[in-house]
Engineer: 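Please see the structure below; I have some questions.
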Amino acid sequence: MRTEAIQSHNQRKTVLGPVGAGAAIGAVGGYVLKYTYPVTADEKMTDEYIKVSKKIQDQKTEYNFRTEKYINSLNAKPERSLAEDEFIKMFDGLKDGDHVGKGRIRTAITNIQQKNPSEVLEFKRICKKSSEVADKTAKQCMDAYNLLTKHIRPTAFFLITGAVVGAIIALINDILKTDVKK
């Protein structure tokens, strides 16, 4: 005949298994949160972040190797329109870091209007397309820099916080479980 103390000892289970599993799941969740949590306002206010984001925004309108590559692709066309020729001429004499001034754009539009007014819309389309490419490139650069900013975050903080939260949730879950006796 068994006594009650022996029966309760045989039914007792350890809480370390569920708590350890909860801590491990929580640590993985914390690590994932490190990269999925958006860049905070404090992170965006650092001098380095401001400097880099300003440089990326400035590069959208600067003459650089990407601009030269785009112009070379237009130059490679066997037959170019008047709008494409005027677009290419806008960048003549520019060096790395120079900006196309509004005066150059106005001069190009005036030249097109004098020679063939129907090409003005084509010229504006080319300018808009090049701006869209520059915006897309700047966005990709900012996304990459945001990822780098997230990578700099302290990993230990996210792992430990996630593990503690996971362990607490697992412990509470284990405490609230009700044993069904048959």
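Here the structure is a predicted model, which is why all the values come from computation and not from measurement.
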Engineer: Can a donor-acceptor pair be found between the side chains of K60 and Q57 at a distance below 3.5 Å?
Structural biologist: yes
Engineer: Examine F158 together with Y37 and report whether their ring centres are nearer than 6.0 Å.
Structural biologist: no
Engineer: Report yes if the side chains of S130 and F87 come closer than 4.5 Å at any heavy-atom pair, otherwise no.
Structural biologist: yes
Engineer: For A170 and P18, which heavy atoms make the closest approach, and how far apart are they?
Structural biologist: CB-O, 3.3 Å
Engineer: Taking the side chain as C-beta and beyond, is there a heavy-atom pair between R80 and I88 under 4.5 Å?
Structural biologist: yes
Engineer: Counting C-beta onward and ignoring hydrogens, is there a side-chain heavy-atom pair between K89 and R104 closer than 4.5 Å?
Structural biologist: no
Engineer: So that I can tick it off, tell me whether K51 and E48 are bridged by a salt bridge, with the cut-off set at under 4.0 angstrom between side-chain N and carboxylate O.
Structural biologist: no
Engineer: Can you say whether the rings of Y49 and Y145 are parallel (under 30°), tilted (30 to 60°) or perpendicular (over 60°)?
Structural biologist: tilted
Engineer: Does the side chain of N72 come within less than 4.5 Å of K69's, by heavy atoms?
Structural biologist: no
Engineer: For E132, is there an ion pair with K129 - N to carboxylate O distance below 4.0 angstrom?
Structural biologist: no
Engineer: Could you report the tightest heavy-atom contact between L159 and Y31, atom names first, then the distance?
Structural biologist: CD2-CB, 3.8 Å
Engineer: Any side-chain heavy-atom pair from V100 and I105 closer than 4.5 angstrom?
Structural biologist: yes
Engineer: Are E62 and D98 packed together at the side-chain level, in the sense that at least one heavy-atom pair is separated by less than 4.5 angstrom?
Structural biologist: no
Engineer: Could you go through the side chain to side chain donor-acceptor pair (under 3.5 Å) check for N64 and T67 one step at a time?
Structural biologist: CA-CA 5 Å; N64 56 31; T67 313; 3.3 Å; yes
Engineer: Decide, yes or no, whether a salt bridge links K139 with D135 under the criterion of side-chain N to carboxylate O below 4.0 Å.
Structural biologist: no
Engineer: Which heavy atom in L33 sits nearest to a heavy atom in R153, and how many Å separate them?
Structural biologist: O-NH1, 4.4 Å
Engineer: Less than 4.0 Å between a side-chain N and a carboxylate O, is that true for K150 and E43?
Structural biologist: no
